[in-house]
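Start at 1 with the first residue, then count along the sequence.
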Amino acid sequence: MAGNFEEQLRSELVGIQTEIDRLENKRRLIQELLSNEAGGGASAASEPKPARRRAARRGNAPAKRTRRPRGLITGKVREFLGQQSEPVHATEILAFLERNDAAPQSAKPMPTLQSTLQRMKEMGEIRNTGRNRWTLASAGGGGGSVAPPVGRSDGPAVVTSTTTFASRPLGSQ
């Protein structure tokens with residue numbers, strides 16, 4: 001009994017140490033980025049936009065935040081949902097992305113993730129099973145593949161307007 005408790009505490013300690021190491025690495029990277037900015041980051045963020053534009057024209061613009069590699073978030077979402085046997089809530093997906101340093105870098109990451117999930121749903125990669133729970137489209141149920149548009153197999157469907165200029169009678173304007 002005492003041995004199991006000791007093992008459980010040791011494994012928990014290993015997990016905590018891993019998290020501390022990850023956070024220390026993150027802190028080191030942030031300090032490195034701040035030192036590369038040469039102290040101009042805090043004052044530049046509070047400048048009004050026109051002042052920043054003038055600074056950009058003069059060539060001494062504040063450093064921009066680095067973007068995540070294209071496809072990182074969608075790839076991690078696919079990876080996470082592929083590991084799950086049941087539909088997963090969007091908050092669990094966001095927690096996974098944060099643990100793997102792949103979360104959206106916006107002030108409000110959940111709405112950003114929601115739009116990513118919606119876009120993936122429209123592409124037929126994932127599906128919403130209700131109550132903001134998501135699963136891979138190929139996992140369980142139909143809908144694993146998206147049929148190509150009728151009459152076209154070389155790319156996405158093209159929607160053209162059904163109205164033309166000056167097609168309404170003059171009296172209805």
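- Between the side chains of E32 and N36, no donor-acceptor pair is found at a separation under 3.5 Å.
- In R27, the CZ atom is crowded: over 12 heavy atoms of neighbouring residues, nucleotides or ligands sit closer than 6.0 Å.
- Taking all atoms of both residues into account, the shortest heavy-atom contact from R127 to L136 is NE-O, 4.0 Å.
- Scanning for salt bridge (charged side-chain N to carboxylate O under 4.0 Å, His left out) contacts around E12 gives an empty result, with sequence neighbours left out.
- The neighbour count for Q83 CD, taken as heavy atoms of other residues, nucleotides or ligands under 6.0 Å away, is above 12.
- Between E6 and R10 there is a salt bridge, since at least one side-chain N of the basic residue sits less than 4.0 Å from a carboxylate O of the acidic one.
- The two residues H89 and R131 have their closest heavy-atom pair at CD2-O, 3.4 Å.
- Judged by distance alone, the side chains of T112 and S106 do bring a donor and an acceptor atom under 3.5 Å apart.
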Start with the C-alpha gap between Q17 and D21, add the side-chain angles, then the distance that decides, and say whether side-chain hydrogen bond (donor to acceptor under 3.5 Å, both in side chains) holds. CA-CA 6 Å; Q17 186 61 46; D21 293 343; 3.0 Å; yes
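- Here the straight-line distance linking atom CD of E86 with atom OG1 of T129 works out to 9.0 Å at 0.5 Å rounding.
- What you find for R133 and N128 is that their closest heavy atoms are O-OD1, 3.0 Å.
- Here the side chains of F80 and I93 are in contact, with some heavy-atom distance below 4.5 Å.
- Contact record, W134 with L81: O-CD2, 3.5 Å, taken as the closest heavy-atom pair.
- Residues forming a salt bridge (charged side-chain N to carboxylate O under 4.0 Å, His left out) with E98 (at least two apart in sequence, or on another chain): none.
- Annotation: side chain of T135 is not in contact with side chain of Q84 (no heavy-atom distance under 4.5 Å).
- The closest donor-acceptor contact from the side chain of R68 to the backbone of D101 lies under 3.5 Å.
- For the 3.5 Å distance criterion, the side chains of N25 and R28 qualify, holding a donor opposite an acceptor.
- Looking only at side-chain heavy atoms (C-beta outward), V77 and L113 come within less than 4.5 Å of each other.
- Nearest heavy-atom pair across F96 and E79 is CZ-OE2, 3.8 Å.
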Would you check, one step at a time, whether the test side chain to side chain contact (heavy atoms under 4.5 Å, CB included) holds for I73 with L97? CA-CA 7 Å; I73 295 173; L97 293 174; 4.0 Å; yes
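- Using a 4.5 Å cut-off on side-chain heavy atoms (C-beta onward), Q114 and Q118 make no contact.
- Linking Ile, Leu, Val, Met, Phe, Trp and Tyr whenever their side-chain heavy atoms come within less than 4.5 Å leaves L29 and L72 in two separate clusters.
- R119 and E122 are not joined by a salt bridge, as no carboxylate oxygen comes within less than 4.0 angstrom of a charged side-chain nitrogen.
- Here the side chains of I16 and E19 are not in contact, with every heavy-atom distance at 4.5 Å or above.
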